[in-house]
There are 2 protein chains.
Amino acid sequence: MLNDPMVLAPVSDATRVEPEKRIRDRGATEKAILNAAKALLAEEGFQNFGINAVARRAGCDKQLIYRYYGGLNGLVEAIGADLGNWVKDRIPEDTGGMFLLTYGDLMERLSLLFLEALREDPLVRRIVAWEVSENTEQVRRLSEARSKALANWLDRMRGSLTPPKGLDVVAVNAILIAAIQHLVLSASAGGQCAGLALKTSKDWEKAATALKRIVRGVYG
Amino acid sequence: MLNDPMVLAPVSDATRVEPEKRIRDRGATEKAILNAAKALLAEEGFQNFGINAVARRAGCDKQLIYRYYGGLNGLVEAIGADLGNWVKDRIPEDTGGMFLLTYGDLMERLSLLFLEALREDPLVRRIVAWEVSENTEQVRRLSEARSKALANWLDRMRGSLTPPKGLDVVAVNAILIAAIQHLVLSASAGGQCAGLALKTSKDWEKAATALKRIVRGVYG
DNA sequence: CAAAGCTGTCACCGGGCGGCGACATTCTGC
DNA sequence: GCAGAATGTCGCCGCCCGGTGACAGCTTTG
């Protein structure tokens with residue numbers, strides 16, 4: 001009664017634009033929402049990541065996010081599920097025909113691969129930044145998924161190579177991963193890290209060389 | 001704690017409670033605001049860091065923040081100014097009576113000192129997390145102040161020790177710093193990093209040992 | 001004394017947020 | 001054909017945000 005619809009004398013003239021009806025396809029809509037969420041997170045970061053923003057981006061009503069994903073939490077969980085396949089998608093499973101004779105060979109290669117992969121994946125970068133910035137249930141889920149995937153990958157790649165004795169490989173690798181992650185995040189946010197410029201590919205070569213030296217130093 | 005909301009009890013009757021007048025002291029108020037801001041940032045992180053929250057915490061009206069600091073930007077800048085003295089305040093200037101014979105000795109010690117200092121300073125941790133999460137003017141200022149202070153500190157501590165030749169020390173040190181920062185941030189947020197638990201002091205000993213091995217590996 | 005300035009407080013604005021109920025339209029099963 | 005479910009849309013709510021103008025009380029200055 002408030003708005004008598006027919007009073008609206010719809011744009012009668014030639015400027016008439018078809019209302020672009022959204023097709024009714026739950027599957028497609030769900031995908032659109034998920035993609036919108038991932039793109040939004042990748043591009044804008046977790047700061048302005050919210051129901052309204054995702055809905056706007058997906059071009060649908062936010063109500064559908066509640067219906068199909070149970071709200072933001074569920075949506076984030078869905079993103080986390082994808083994340084399980086991250087390493088699979090992003091990092092070559094085989095070692096590129098190289099012969100990895102030692103654990104040092106392996107870790108050098110994996111470090112560089114990981115660095116590359118992270119540099120090229122804005123979504124995961126944002127998630128890592130999120131992980132170190134908040135400690136909500138949402139983030140914890142994401143973090144868990146990511147770390148599990150990463151651990152599996154490391155394990156698979158190790159193959160039958162035995163790590164050196166007398167060295168806490170878990171701790172050392174954690175530090176290496178931390179270094180890579182922070183390096184990439186820092187570069188992504190400010191173009192540098194602790195005085196080291198990280199913009200041009202030349203900058204990155206220097207970083208990669210230093211990283212190699214570090215890995216070789218500890219793993220021989 | 002500061003100003004009970006009971007102040008808004010109207011001037012009713014004999015139950016008149018003295019409204020706890022805030023003393024008029026611009027200097028003290030400015031300090032209160034700055035401290036509130038730092039405490040808030042340290043405890044809650046940059047997520048909900050805003051004019052209203054700071055004013056609430058400082059127990060004063062937000063208008064004063066605009067007047068005295070020119071808004072949040074100015075306030076953040078004031079925080080950044082303090083940051084310049086961070087290393088000075090937090091990290092012993094002398095080397096604790098140790099004889100640092102080699103660059104490796106130095107960097108091992110500095111790494112551990114930096115790790116310790118960061119672990120014990122929630123404010124700077126939040127700032128570092130902020131740095132990798134956003135790229136606004138505010139954050140850039142903070143970041144710059146911090147990195148400058150850090151560089152100065154490294155330089156002072158180096159003294160007359162000459163770094164090894166044939167090694168890009170800037171890059172290597174940047175990676176070491178990145179590792180430490182990410183390790184601490186990760187621990188602070190989720191109690192672990194890449195599968196390495198970082199809660200108990202025993203956990204941290206393992207991390208420190210691994211870090212030493214890495215530093216020694218690259219710097220001898 | 002009064003005027004002018006400083007300090008602190010309050011109320012209000014527009015806007016975006018998350019969340020929800022109600023409705024419109026289309027599809028499905030009987 | 002019809003009822004009910006599925007899908008999509010709309011408008012509203014209460015809340016908090018940043019920002020600003022107006023005002024009240026104290027202090028300094030003349």
Side-chain angles (χ1 to χ4, degrees), chain A residues 1-8 10 17-34 36-37 40-41 44-77 134 136-138, chain B residues 2-11 16-34 36-37 40-41 44-77 134 136-138:
Chain A
M1 293 315 157
L2 311 155
N3 294 357
D4 202 343
M6 52 180 81
V7 177
L8 300 179
V17 177
E18 267 318 294
E20 267 306 337
K21 304 228 76 138
R22 164 170 292 274
I23 43 167
R24 290 172 157 251
D25 180 342
R26 171 159 179 170
T29 303
E30 283 182 358
K31 245 184 226 173
I33 292 174
L34 184 57
L40 194 65
L41 188 51
E44 309 282 335
F46 58 95
Q47 300 276 51
N48 297 332
F49 184 73
I51 285 277
N52 289 294
V54 172
R56 257 197 310 274
R57 173 120 191 185
C60 73
D61 197 276
K62 56 181 169 182
Q63 180 69 22
L64 298 185
I65 300 178
Y66 288 109
R67 283 223 199 106
Y68 297 156
Y69 290 96
L72 254 201
N73 278 14
L75 188 48
V76 168
E77 211 155 332
E134 253 185 358
T136 61
E137 188 57 36
Q138 284 182 3
Chain B
L2 306 147
N3 274 1
D4 275 350
M6 66 165 79
V7 176
L8 45 92
V11 263
R16 181 69 184 284
V17 177
E18 267 320 294
E20 264 311 331
K21 304 231 78 144
R22 162 172 292 273
I23 43 167
R24 292 172 154 251
D25 181 342
R26 170 158 177 169
T29 303
E30 282 182 359
K31 246 184 225 172
I33 292 174
L34 185 57
L40 194 65
L41 188 51
E44 310 282 334
F46 58 95
Q47 300 275 51
N48 297 333
F49 184 73
I51 284 278
N52 290 292
V54 172
R56 257 195 311 273
R57 173 122 191 183
C60 72
D61 197 276
K62 58 182 169 182
Q63 179 70 21
L64 300 185
I65 301 177
Y66 287 108
R67 280 224 269 271
Y68 297 155
Y69 291 95
L72 253 200
N73 277 14
L75 188 48
V76 168
E77 211 155 330
E134 252 184 359
T136 62
E137 190 55 36
Q138 284 181 2

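In what follows, every chain begins at residue 1, and chains take the letters A, B, ... in the order their sequences are listed. What you see is a predicted model, and the numbers here were worked out from it, not measured in a lab.
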- Report yes if a side-chain nitrogen or oxygen of A:Asn52 is closer than 4.0 Å to either non-bridging phosphate oxygen (OP1 or OP2) of C:dG18; otherwise report no. yes
- Any B:Thr29 side-chain N or O less than 4.0 Å from OP1/OP2 of C:dT7: no
Could you check how far [atom1] of [X] sits from [atom2] of [N], rounded to whole Å?
X       : N      : atom1 : atom2 : answer
A:Glu30 : D:dT7  : CD    : C1'   : 11 Å
A:Arg26 : D:dA5  : CZ    : P     : 15 Å
B:Gln47 : C:dC17 : CD    : C1'   : 15 Å
B:Ile23 : D:dT27 : CD1   : C1'   : 15 Å
B:Ile65 : C:dT9  : CD1   : C1'   : 14 Å

- Helical bend (five base pairs per end, nearest 10°) for the helix from C:dC1-D:dG30 to C:dC30-D:dG1: 10°
Return a table of donor-acceptor pairs under 3.5 angstrom between the side chains of residues 65-75 of chain A and protein atoms on other chains or two or more places apart.
unit_1, atom_1, unit_2, atom_2, d
A:Tyr69, OH, A:Glu30, O, 2.9
A:Asn73, OD1, A:Gln138, NE2, 2.7

For the student: nearest non-hydrogen atoms of [X] and [Y], plus distance:
X       : Y       : answer
B:Ile33 : B:Val54 : O-CG1, 4.0 Å
B:Ala58 : B:Ala32 : CB-O, 4.0 Å
B:Leu40 : B:Ala53 : CD2-CB, 3.5 Å

- Could you tell me whether A:Ile51 contacts a base, only the sugar-phosphate backbone, or nothing, with contacts defined as non-hydrogen atoms closer than 4.0 Å? sugar-phosphate
- Note on the structure: Sorted by chain and number, sequence neighbours left out, salt bridge (Lys or Arg N to Asp or Glu O under 4.0 Å) with B:Glu77 holds for B:Arg141
- Note on the structure: Residues of residues 68-75 of chain B with a heavy atom under 4.0 Å from any atom of DNA chain C, listed by number, are B:Tyr68
- Nearest-nucleotide 5' precedence on DNA chain D, A:Leu64 against B:Arg24: A:Leu64
- Item | Rounded distance [0.5 Å steps], OG1 in B:Thr29 versus CD1 in B:Ile23 | 7.0 Å
- Query: How would you list all residue pairs meeting side chain to side chain donor-acceptor pair (under 3.5 Å) that involve residues 50-62 of chain A, not counting sequence neighbours?
  - Reply: A:Glu43-A:Arg57, A:Asn52-A:Lys62
Name the pairs: protein N/O against N/O of nucleotides 20-23 of chain C, kept only if under 3.5 Å.
unit_1, atom_1, unit_2, atom_2, d
C:dG21, O6, A:Gln63, OE1, 3.3

